Peer 1: 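Have a look at the structure that comes next, please.
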Protein chains: 2
Amino acid sequence: MSNTEQLVKGNTPMLILSLLAEKPMHGYAIAKEIERRTADLLRFREGTLYPTLHEMEQRGWIQGSWETTDGGRERKVYSITPQGLQELQRQQHAWQRFRNAVEAVIGRKPSQSSEGGIEPCTT
Amino acid sequence: MSNTEQLVKGNTPMLILSLLAEKPMHGYAIAKEIERRTADLLRFREGTLYPTLHEMEQRGWIQGSWETTDGGRERKVYSITPQGLQELQRQQHAWQRFRNAVEAVIGRKPSQSSEGGIEPCTT
DNA sequence: GGCTAATACCTCGCTTTCCGATGTATCTGA
DNA sequence: TCAGATACATCGGAAAGCGAGGTATTAGCC
């Protein structure tokens, strides 16, 4: 299967990588930040989030280290690795290609011209 | 589960509805048209396409009728129904919300750097 | 006539993905 | 003391997608 198709369902890692590219975060904070930025539209359930984080660490995209807060609570803070940054770029390009492909089919022109976009052939 | 999450994986119907909103088509032609418009980036496999068409017909979004070509080959031509048109609108709105949500997370506008910019912590 | 490739439909069963449910443990504020 | 938030984790079932297989016709080639 091509990567692009995989993207459709597998964009959880891309979103996580995007956040970690800004600053290191722990799992719970990642979930909350996603909800905050998308006004609860996107949401990472725990059953998805933690297994995904583990897999991403296995792949070498992120690196986790246990820390203890002042309160004494333990948490695992993840940082993005150089490979993770590379992967992020790759996935973001794939996302753009996918988005453009969808919009080529549904025939919707990118009204926000902030990214000098595809010139739709207006019929 | 909210509709928006479902969209990620379930956008096959939206793409089909979009094409049928333009003109009636049969299954094989739908698959070819998707490939053409997206330069082979998106592709409907037969194992996905036909079951999806059947389900959409069941739901009343599309309506199929058997036709015979000059050559004598039979094919089932689908048209979009009024309910299908409504559903298309609903799904396209959901797609836009989803797209905006993703881009709110991955921060595709490099102009606004939230906290001192996207500075990858090189370990 | 025999062969391949394209057109055109269909279903079965496997794999992958996702997530609800559940469990553990700590801290905070009422 | 007790509810609710924080914070981690796993398991098993459900759903989506698709490869593989099947049927049948037409077109082009030698």
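Note on naming: letters A, B, ... go to the chains in the order of the sequence lines (proteins, then strands), and numbering restarts at 1 for each one. On a predicted model such as this, the values are computed, not experimentally measured, just so you know.
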Peer 1: Are B:Leu41 and B:Met14 linked, directly or through other ILVMFWY residues, by side chains that come within less than 4.5 angstrom of each other?
Peer 2: yes

Peer 1: Please report the shortest heavy-atom distance between B:Arg75 and B:His26, naming the atom on each side.
Peer 2: NH1-CE1, 3.3 Å

Peer 1: Only counting residues at least two apart or in another chain, list the ones meeting side-chain contact (heavy atoms from CB on, under 4.5 Å) with A:Glu55.
Peer 2: A:Arg59

Peer 1: Return the residues of residues 25-37 of chain B meeting this criterion: a heavy atom under 4.0 Å from some atom of DNA chain C. Order them by number, or give none.
Peer 2: B:His26, B:Gly27, B:Tyr28

Peer 1: Could you verify whether a donor N or O on one side chain and an acceptor N or O on the other, from B:Glu87 and B:Gln91, lie under 3.5 Å apart?
Peer 2: yes

Peer 1: Which heavy atom in B:Thr38 sits nearest to a heavy atom in B:Leu42, and how many Å separate them?
Peer 2: OG1-N, 3.0 Å

Peer 1: In Å, rounded to the nearest 0.5 Å, how long is the span from CD of A:Gln92 to CG of A:Leu15?
Peer 2: 9.5 Å

Peer 1: Mind checking whether A:Leu49 and A:Tyr28 have side chains closer than 4.5 Å, heavy atoms only?
Peer 2: no

Peer 1: Determine, for A:Lys32 against A:Glu46, whether the closest basic-nitrogen to carboxylate-oxygen distance falls under 4.0 angstrom.
Peer 2: no

Peer 1: Could you give the CD-to-C1' distance, from A:Glu57 to D:dC8, as a whole number of Å?
Peer 2: 13 Å

Peer 1: Could you tell me how far apart A:Gln58 (CD) and D:dA9 (P) are, to the nearest whole angstrom?
Peer 2: 13 Å

Peer 1: Check nucleotides 27-30 of chain C against the protein and report each pair of N or O atoms closer than 3.5 Å, with its distance, or say if there are none.
Peer 2:
unit_1, atom_1, unit_2, atom_2, d
C:dC27, OP1, A:Gly71, O, 2.3
C:dC27, O5', A:Gly71, O, 3.4
C:dC27, O4', A:Arg73, NH2, 3.1

Peer 1: My understanding is that only residues two or more places apart in sequence, or in another chain, count here; which of them pass side-chain contact (heavy atoms from CB on, under 4.5 Å) with B:Thr52?
Peer 2: B:Thr12, B:Pro13, B:Ile16, B:Thr48, B:Met56

Peer 1: For the pair made of CD in A:Glu74 and C1' in D:dT6, what is the distance, rounded to whole Å?
Peer 2: 13 Å

Peer 1: What pairs with B:Gln86 under side chain to side chain donor-acceptor pair (under 3.5 Å), at least two apart in sequence or on another chain?
Peer 2: none

Peer 1: Quick one: do B:Arg99 and A:Glu103 make a salt bridge, cutoff under 4.0 Å?
Peer 2: yes

Peer 1: What residues in residues 46-56 of chain A put a non-hydrogen atom under 4.0 Å from any atom of DNA chain C?
Peer 2: A:Gly47, A:Thr48

Peer 1: Take the protein atom CE of B:Met14 and the nucleotide atom P of D:dA16, then report the distance between them rounded to whole Å.
Peer 2: 16 Å

Peer 1: Closer than 4.0 Å, any side-chain N/O of B:Arg45 to the OP1 or OP2 of D:dG17?
Peer 2: no

Peer 1: In whole Å, what is the span from the CZ atom of A:Phe44 to the C1' atom of D:dA7?
Peer 2: 17 Å

